[in-house]
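Worksheet: one structure, shown below.
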Amino acid sequence: MLDDSSEDVRSQHPRLALETTEPTLFGRGWISGMLSSILGIVGLATVLCFRFPHLLTIPELLDKYPVPFIRGSLHIVLVTSFLMGTVSICLRKNKTLGLIGISLTLIAALLGGSGVTVGNLSGEPFLALDWFVLNLIVYSAVYIPLERVFAKHPEQPTLRKEWRVDLTYFFLHTLLIQTTSLLTMQPAMVFFDWARLSAIEQTVSTIPLVLQIPACLLVADFAQYWVHRAFHAVPFLWRFHAIHHSAEAMDWLAGARLHLVDAVLTRGLTYIPIYVLGFSQTAIVVYVIVVAIQATFIHANVRWEFRWIRGLIATPCFHHWHHAAEPEAIDKNFSVHSPLWDWIFGTYYMPGRWPRKYGLCGKRDVPSSWLLQFLYPFWRRGTSLPQSNTEE
Ligand SMILES: [Zn+2]
Ligand SMILES: [Zn+2]
């Protein structure tokens, strides 16, 4: 029978819950558990990509993958995941992370492990599971250590409240990259081809690349600024964008929380002027990479203020204020790349400190599961007004 103190310890440090107050310092089994889980996901997803390449990989990338290297790395990933999972189970009262890592590794091994047979290669459409794996490796390797060492809010755990729903967004957005890219670029190409003037295209193409890239970013940010502002001002659009603002913790993963309609409409409308002006392919590729990096970074839980450059570049502090649950910050800091447009249009807000609270001001009726969030804009008709109308 448990005495009071051991019951206390158990309720504080549950054995099978991912959100726990149990310490996460080196030697407490958290780092090994996280490594085991992430490597387990990476390992299993890679085995699935090998088995079902026609369904789960981007066709254009297929012949570029160094298969022997990936098989070797996969072997190391699976062995490390298993070992780290065992270490975590030994060190930690909460066994969840270790068990997840070991279970995923065993499933991957049962499906063939690093010696898995390559499946049928042809066929479309596909889900980009390989893209999810690549993104998960890069983002978790960069941001998890960064947000632990340089955190603005060190009390906020990596597996904070609602991390699951944000990881679902991250998973689905990377998995559906083919569909969302098509939905983003195709409308501009189909409906705005008439607006492309050869005189303008020729002028733009003569601009050197070093100037074309910042010009492309400024044009995109101008379009993005007004689309974003419209999402805040128009009640019908706000219902979709309120999902992004419902995040009550800021970190790299929170940036992924975007309703599909919000993501596609914002990127699609932003792409129109880029397409019409005829920026070079290289400038557009650089723009896409910068968006991916900056849109994640400005949400990150890092304390760097970049004081020397924050008037030019959108920083985490700048965008954290966009998410602040403080009345003075409502409808401020719409830009993603540079605060310039906020300066010009009077929505710049940087009071010299960081926000104390994030999320929605006023009415907070956004559900917490992905599916209900997806349905929310369609069934909460007329009840969720823009924040400027719902100040407490
Ligand atoms: Zn917003
Ligand atoms: Zn945001």
Side-chain angles (χ1 to χ4, degrees), residues 139 143 147 152-153 156 160-163 165-170 173 220-270 290-302 310 313-339 341-342 345-350 354-355 357-364 366 370 373 376-377 384-391:
Y139 283 113
Y143 283 108
E147 292 187 338
K152 175 62 204 164
H153 306 289
Q156 180 180 302
R160 40 81 182 164
K161 195 174 158 237
E162 297 195 342
W163 67 274
V165 69
D166 293 338
L167 188 66
T168 309
Y169 278 98
F170 181 78
H173 285 314
D221 215 19
F222 174 81
Q224 189 278 143
Y225 175 93
W226 285 105
V227 175
H228 190 177
R229 201 161 161 173
F231 265 99
H232 276 246
V234 179
F236 171 72
L237 294 176
W238 170 252
R239 292 207 295 270
F240 292 95
H241 192 56
I243 306 296
H244 184 60
H245 282 270
S246 68
E248 291 180 359
M250 279 295 103
D251 60 13
W252 68 278
L253 197 54
R257 188 186 297 200
L258 272 174
H259 195 284
L260 204 63
V261 172
D262 184 354
V264 167
L265 215 57
T266 302
R267 284 186 219 145
L269 291 169
T270 304
V290 172
V291 172
I293 294 172
Q294 208 167 6
T296 310
F297 185 65
I298 55 178
H299 294 93
N301 175 20
V302 288
R310 67 180 178 184
I313 309 265
T315 61
C317 186
F318 173 82
H319 193 68
H320 278 216
W321 274 111
H322 182 67
H323 283 268
E326 297 185 28
E328 322 79 78
I330 290 176
D331 295 348
K332 299 287 190 300
N333 298 3
F334 291 107
S335 304
V336 166
H337 302 300
S338 165
W341 300 119
D342 283 289
F345 299 119
T347 50
Y348 181 78
Y349 187 71
M350 286 286 267
W354 289 70
K357 210 171 154 216
Y358 301 105
L360 295 164
C361 277
K363 202 181 195 95
R364 283 184 285 271
V366 175
W370 180 86
Q373 287 187 359
Y376 171 86
S384 189
L385 290 166
Q387 298 202 91
S388 46
N389 301 50
T390 57
E391 282 178 40

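Numbering of ligands and ligand atoms starts at 1, following listing order.
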Examine all N, O or S atoms of H299, backbone included, and report whether one is under 2.8 Å from the Zn ion (ligand 2).
-> yes
Near the Zn ion (ligand 2), is there an N/O/S atom from H322 that is less than 2.8 Å away?
-> no
Mind telling me whether H245 and H232 have parallel, tilted or perpendicular rings, with 30° and 60° as the class edges?
-> perpendicular
For residues H322 and H244, is any side-chain donor paired with an opposing acceptor at under 3.5 Å?
-> no
Among the N, O or S atoms that H245 has, which is closest to the Zn ion (ligand 1)?
-> NE2
Side-chain (Q294) to main-chain (H337) donor-acceptor, under 3.5 angstrom | yes
In H244, which N, O or S atom comes closest to the Zn ion (ligand 2)?
-> NE2
May I ask you to test the Y349-E328 pair for a side-chain heavy-atom distance under 4.5 Å?
-> yes
When you look at Y225 and T347, which way does the side-chain hydrogen bond (donor to acceptor under 3.5 Å, both in side chains) test go after all the steps?
-> CA-CA 10 Å; Y225 175 93; T347 50; 2.7 Å; yes
Of all N, O or S atoms in H323, which has the smallest distance to the Zn ion (ligand 2)?
-> NE2
Could you tell me which N, O or S atom of H228 is nearest to the Zn ion (ligand 1)?
-> NE2
